[in-house]
Amino acid sequence: MEYLKLDIKKTILFLMFIKTMSFLKEIIKRRTFGIISHPDAGKTTLTEKLLLFGGAIQEAGAVKSHKIKKAATSDFMEIERQRGISVSTSVLAFNYKEKKINILDTPGHKDFAEDTFRTLTAVDSVIVVIDVAKGVEEQTEKLVEVCRMREIPVIVFINKLDREGKDAFDLLDELEQKLKFKVCPLSFPIGMGYNFQGIYNIWGNNLMLFNADNKQRISKSININNLNDPKLVDCLGELASNKLLEEVEIVKEVYPNFNKEDYLSCKQQPVFFGSALNNFGVKELLDCFITIAPSPRKKESVERIIDPSESKFSGFIFKIHANMDPKHRDRLAFIKIVSGKFKRNVAYHHVRMNKKFKFSSPNAFFAAKKEIVDESFPGDIVGVHDSGNFKIGDTFSEGEHIFFKGIPSFSPEHFRYINNLDPMKSKQLAKGIDQLMDEGVAQLFILEMNGRKVIGTVGALQFEVIQYRLEQEYGAKCSYENLNIHKACWIESLSKKNDEFNEFKKLKNKFLAKDKNGKLVFLSDSSFSLEMTKQKFPSVKFHYKSEF
Ligand code: G4P
């Protein structure tokens, strides 16, 4: 009898062990990342090529298929189709060499930068695409700054080597100076533009040659033992092979060897060269990426650090997507799973509302299509239907009171009063504004002085998006009125005594507003007046983002 009991206990322990191991295996195989770039550097093209390797899309023949671009990437919203601008962020998942890859697509247009910033809260690493001719551009600098703040490991892909561009070493310098990177080239180009011959893959120690007649294909991929291999001269000719030898020598002398720990702790950024359009250097990038990029990482909450391997589910909403189906005014909230298993039809705790929610049809995303899933793992993104309850940044758990950190709002760049054009539809307008703000389309400020509503956006285009969507989705009409605001600052009193703060509030009442969460905001009309106010009230702290 005793033996039997012991055996049952052992079997249970063994089964639990197997279950835990298979759960950990699922976590380890996931790579959730974003591709970021200045518009036109080739982010969409690279995404397509990665999907091709994963077999997630089939492309007939050549490259540059905009049909795929339209179908495969973020194209859910009507307005996006109209404008041809990637307004929304979508998720593209595929399997490659036993890894589950989740690409979180980010809008390239600068007016939607806030969307991209939020998406960066849900990725575990990023690939930065740089145009060889343009080098480091403005939008890249901003996005990399956010990656640095969030300590996100970065791999660089220098694209469009089939075109004339900047010298490879100059570009590496630029990456170090403008982006403060410590670069580590893992491939190196042989020529460029008209003279582009191929790429020496330092990471895989092989040589990929470009077909001289047809620049759409890789003509050969040659494994070489070392750079003195006679095959090098046979393939490239004496001149080019000598140049490559010299350049690789410099790379080895000047730049550090690859160190995975340094990459993961953002102290080093591996660099690849290639041409996304020609599918050149992309596979090498992907093969290295799946080897070195991190699996789902720990995430900080206000209360404690959550490890993905914890058995209890937790996750947060980083994106709300409206109008997926124009016939229904439903919204899809994207949840990044931080820990545990997310299961269909299980009631989860919505921390902010202190309420349980059960999802009967959670969606997972596979390239162009979405599917209902029964369970998802840390690193995955699930889309759940929302009838207007959720906000960006909301946390779900199995009951624990945790709030995930790190989805701050930044000061908008443009501000306008919003007016109701149809008094019969004021309720619809208020609801529309409310829900669009929950989605993070723009920020709403309500003036303390008179209760007027001010909309703040990152780009001027968003005002049109809001107007269009209020009309299409809520049947409400609005107009805007210009407002001369330089910056919005979230304010905090550093002094225990409230005298100075009260004086500040009295004197600056005209410029004070409450944001969506009721936090006090100072809307300064010029950088000069902001500076003066700071000097006059030293115990008032002015923050450029809503989390401090
Ligand atoms: P984005 O998402 O970063 O905005 O860039 P996207 O991939 O849309 O690429 C922008 C342009 O650059 C596209 O051309 C694309 O074909 C081209 N491109 C991407 N990768 C390469 C490359 O490796 N070599 C060359 N030569 N071009 C590349 P377009 O003319 O703007 O538009 P389209 O007519 O091709 O769409």
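Atoms within each ligand, like the ligands themselves, are counted from 1 in listed order. Throughout, residue positions are numbered sequentially from 1 according to the sequence presented. Note that the structure is a prediction, hence the values are computed from the model and not measured.
Atoms of ligand 1 lying under 4.0 Å from at least one heavy atom of Thr44, given by number and element, are 1 (P), 2 (O), 7 (O), 8 (O). The distance from ligand 1 to the heavy atoms of Lys43 drops below 4.0 Å at these ligand atoms: 1 (P), 2 (O), 3 (O), 5 (O), 7 (O). For ligand 1, the atoms closer than 4.0 angstrom to any heavy atom of Ser275 are 22 (C), 23 (O), 24 (N). Short contacts between ligand 1 and Pro39, defined as distances under 4.0 Å to a heavy atom of the residue, involve ligand atoms 4 (O). Those atoms of ligand 1 with a heavy atom of Asp40 less than 4.0 angstrom away are 1 (P), 3 (O), 4 (O), 5 (O), 10 (C), 12 (O).
Residue-to-ligand polar distances place Arg163 within reach of ligand 1: an N/O pair is separated by less than 3.5 Å. Backbone and side-chain nitrogen or oxygen atoms of Leu277 are examined, and one is located within less than 3.5 angstrom of a nitrogen or oxygen of ligand 1. Ligand 1 has no nitrogen or oxygen under 3.5 angstrom from a nitrogen or oxygen of Leu161. The distance criterion of under 3.5 Å between nitrogen or oxygen atoms is met by Ala276 with respect to ligand 1.
Contact annotation for Ser37 and ligand 1: only side-chain heavy atoms (C-beta onward) come within less than 4.0 Å of the ligand. When non-hydrogen atoms are compared, ligand 1 lies under 4.0 Å from the side chain of Asp162 (C-beta onward) but not from its backbone. Heavy atoms of Val129 found under 4.0 angstrom from ligand 1: none, in either backbone or side chain.
Annotation: side chain of Ile433 is in contact with side chain of Ile455 (closest heavy-atom distance under 4.5 Å).
The six-membered or imidazole ring of Tyr200 lies away from that of Phe273, with a centre-to-centre distance of 6.0 Å or more.
The minimum heavy-atom distance between Gly388 and Gln435, with the atom names listed, is CA-NE2, 3.6 Å.
Because its NZ or CZ atom is not both nearer than 6.0 Å to the ring centre of Phe289 and within 45° of the ring axis, Arg31 does not count as a cation-pi partner of that residue.
Taking CG of Leu264 as the reference point, atom CD1 of Ile292 lies at 7.5 Å (rounded to 0.5 Å).
Using cut-offs of 30° and 60° on the angle between ring planes, the pair Phe169 and Phe188 is tilted. Relative orientation of the Phe390 and Phe359 rings is perpendicular, given thresholds of 30° and 60° on the angle between their planes. Ring geometry for Phe258 versus Trp203: interplanar angle over 60°, hence perpendicular rather than tilted (30 to 60°).
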